[in-house]
Amino acid sequence: MADSTYTRRRRGPVTVVLRVLVIAYLFMLVIWPVSLVADRAFRPAGLAEGGFGPFLERLTEPGTVYAFNLTLTVAFWAVLINTVFGVGISLLLVRYRFWGRRTLSVLIDLPLSVSPVVVGLALVLAYSSARGWFGGFLESIGFAVIFSTPGLVMATAFVCLPLVIREIVPVLEEVGTDAEEAARSLGANGRQTFWRITLPAIKWALVYGVVLTAARALGEFGAVKIVSQGAEFNGETATLLVENRYSNFDEASAYAVALVLVLISIIALVVVTYLRPKEDRP
Amino acid sequence: MSIEVRGITKGYGDFVALDDVNVSIPTGQLTALLGPSGGGKSTLLRIIAGLEVADAGSVQIEGVDATSLPPQRRNVGFVFQHYAAFKHMTVAKNVAFGLEIRKRPKPEIKQRVDELLELVHLSQFAHRLPSQLSGGQRQRMALARALAVEPKVLLLDEPFGALDAKVRKELRDWLRRLHDEVHVTTVFVTHDQEEALEVADEIVVINEGRIEQVGTPEQLYDEPANDFVMGFLGEVTTLGDHLIRPHDITVHTTEQAGAVRGEIVRALRIGFEVRLFVRPAGAADEGADVVVTLTRTFARSLGLEVGTAVWLAPETGARVVPVRRGSAGVLSDETPVSTEKGATAAV
């Protein structure tokens with residue numbers, strides 16, 4: 001739509017000042033500090049050697065590999081769970097009118113506003129062995145939630161909960177029910193209508209939400225910190241590893257892993273930017 | 001009778017969309033549900049299709065009680081005002097949808113889709129996406145899609161409402177010809193009386209959730225059951241104590257027994273037609289003005305112009321309906337009731 005993308009073409013002094021301000025702000029706050037991380041990842045520090053070879057070595061040592069594995073496992077399950085529930089909850093919120101719908105909608109945004117540390121504490125209270133509703137039962141079957149991978153998945157899923165939903169809901173509202181009703185009148189049952197009509201309509205929003213969720217899940221720290229043992233080979237995710245190594249004077253490894261996390265986020269952003277225009281297609 | 005609607009009642013909160021509606025829709029004909037926006041006609045259509053559930057009453061389609069059947073088992077074709085195209089599928093895939101759901105063999109589907117695209121003149125667009133079609137083409141695609149499953153009845157909800165005037169007129173003629181070819185029982189909703197009069201075999205006039213009259217276009221136009229039907233199916237004006245069509249009034253320039261005396265206060269010329277606004281003697285403001293239409297030639301031969309004194313009388317054989325006191329508002333085309341969109345959105 002040509003008229004909605006109208007921008008001011010005049011380049012007066014205000015434009016120049018604004019541009020300088022914005023670039024300076026971004027540089028001081030984001031670009032410069034992050035570039036220092038990249039720089040440090042390759043620079044010799046104390047006893048550690050610099051350069052690309054040692055950088056790779058630090059990334060492939062067993063502790064680091066374990067941490068990345070754990071992070072990817074947790075992110076995978078959190079994304080999967082949030083995708084399935086996200087689509088379900090979005091459909092419920094948009095297509096049905098029921099008592100408490102607005103409350104539900106507000107509750108879904110809660111994870112965005114509550115500090116992840118609080119999320120972690122809450123999960124520890126609810127799911128620790130011998131505590132909460134299921135504590136005794138979980139202990140009796142020898143299944144640990146807290147201080148184990150399921151706890152990490154739960155904490156991450158909790159924190160990322162709104163991301164998929166908030167992408168899908170506006171799209172579902174916009175596409176309306178006409179196409180779904182047409183499919184029903186043509187003989188499709190609920191399942192067929194969902195797979196053939198609803199899902200293709202929200203496809204790009206869903207992909208966008210999944211990418212955001214994945215990026216957020218990989219970088220989650222606060223909630224994970226509380227529910228994990230956080231020791232090497234024992235619940236240490238990539239973000240926890242960065243913090244542990246940093247405070248144990250192994251800064252070189254901390255920077256190497258930090259740089260990889262930054263690169264993953266940048267790749268996610270590129271993917272999202274690439275997907276965005278497709279969302280606007282008629 | 002193809003569709004039997006018995007005692008259908010439907011409300012949205014305090015708003016009564018349909019109030020104990022009974023109607024029979026004949027087989028193989030083109031029936032129009034005509035009425036103002038918010039009058040309940042779309043709701044009735046959606047209840048017949050199963051897209052909406054009535055609070056009370058029953059619907060029979062071809063002798064089968066469909067009241068509690070879900071839409072996918074009623075075997076009706078439904079066409080929406082805004083096309084409801086499956087945006088991610090090509091035109092051919094859109095038309096094939098119902099057949100693929102029914103798991104028909106591939107060659108049969110292909111043949112049927114080709115036939116239907118031929119019928120709606122979209123053969124050369126088979127591999128385009130709906131977004132690459134014009135509004136009229138999209139609506140023809142939607143019709144082909146609905147016809148593909150060989151529905152017992154075809155239901156169209158304001159099918160031409162989103163199109164511009166010219167395309168609308170073309171599609172209207174085309175729908176009439178298509179129906180003469182295909183003969184499927186068709187019900188379409190419209191608020192445009194011209195569309196209903198031109199296309200339909202039978203018209204059901206619905207207002208404020210009730211059926212006002214059912215009949216052929218001629219019956220409705222010539223023998224309206226009440227002032228609402230008369231007002232909705234064409235222009236009306238008040239002459240004395242009666243409603244009358246503006247072209248059914250004779251204008252005299254000399255005094256006549258029983259005629260209403262007045263003075264021309266405004267004259268409008270639209271093409272061959274002249275529209276006179278005559279203020280009866282003793283009337284204070286323009287609310288009481290009588291509208292008279294006549295041909296330009298006739299107006300000129302009488303020497304009518306603003307300020308001329310005239311005597312107005314109903315033409316012989318003209319249909320008049322007594323004015324219902326206090327209900328003058330019903331006569332305007334824009335009846336002030338809540339819009340249909342708002343009513344269905346509340347579900």
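Letters A, B, ... are given to chains in the order of the sequence lines, protein chains preceding strands, and every chain is numbered from 1. Nothing here was measured: the structure is a model prediction, and the numbers come from that model.
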Chemist: Using a cut-off of 6.0 Å, state whether more than 12 heavy atoms not belonging to W77(A) lie near its atom CH2.
Modeler: no
Chemist: Taking all non-hydrogen atoms of both residues into account, name the closest pair between A179(A) and F86(B) and its distance.
Modeler: O-CE2, 3.2 Å
Chemist: Which bit of A146(B) comes within less than 4.5 Å of chain A, counting heavy atoms only: side chain, backbone, both or neither?
Modeler: backbone
Chemist: CD of Q132(B): more than 12 outside heavy atoms within 6.0 angstrom?
Modeler: yes
Chemist: Could you have a look at V79(B), I101(B), N75(B) and say which one has the most heavy-atom pairs with chain A under 4.5 angstrom?
Modeler: I101(B)
Chemist: I need the F80(B) CZ to E181(A) CD distance, nearest 0.5 Å.
Modeler: 5.0 Å
Chemist: Report, in residue-number order, which members of residues 100-113 of chain A are under 4.5 Å from chain B by heavy-atom distance.
Modeler: none
Chemist: Hey, could you give me the CG/CD distance between D178(A) and Q81(B), rounded to the nearest 0.5 Å?
Modeler: 9.0 Å
Chemist: Quick one: closest heavy-atom pair of R102(B) and G187(A), and the distance?
Modeler: NH1-CA, 4.0 Å
Chemist: For A148(B), which atoms come within 4.5 Å of any heavy atom of chain A: side chain, backbone, both, or neither?
Modeler: neither
Chemist: Which value, rounded to the nearest 0.5 Å, describes the distance between L51(B) atom CG and E180(A) atom CD?
Modeler: 11.5 Å
Chemist: Among T177(A), T193(A), L186(A), V175(A), single out the residue with the greatest number of heavy-atom pairs under 4.5 Å to chain B.
Modeler: L186(A)
Chemist: Let me confirm one number: the CD-CD distance from Q192(A) to Q72(B), rounded to the nearest 0.5 Å.
Modeler: 8.5 Å
Chemist: Take atom CD in E174(A); do more than 12 heavy atoms of anything else shown fall under 6.0 Å from it?
Modeler: no
Chemist: Under 4.5 Å, counting heavy-atom pairs only, tell me which of E100(B), R73(B), R74(B), R145(B) racks up the most with chain A.
Modeler: R145(B)
Chemist: Check the surroundings of atom OH in Y96(A): do more than 12 heavy atoms from other residues, nucleotides or ligands lie under 6.0 Å from it?
Modeler: no
Chemist: Could you pull out all residues at least two apart from D164(B) that satisfy salt bridge (charged side-chain N to carboxylate O under 4.0 Å, His left out)?
Modeler: none
Chemist: Please check if the number of heavy atoms outside Y127(A) that lie under 6.0 Å from its OH is greater than 12.
Modeler: no
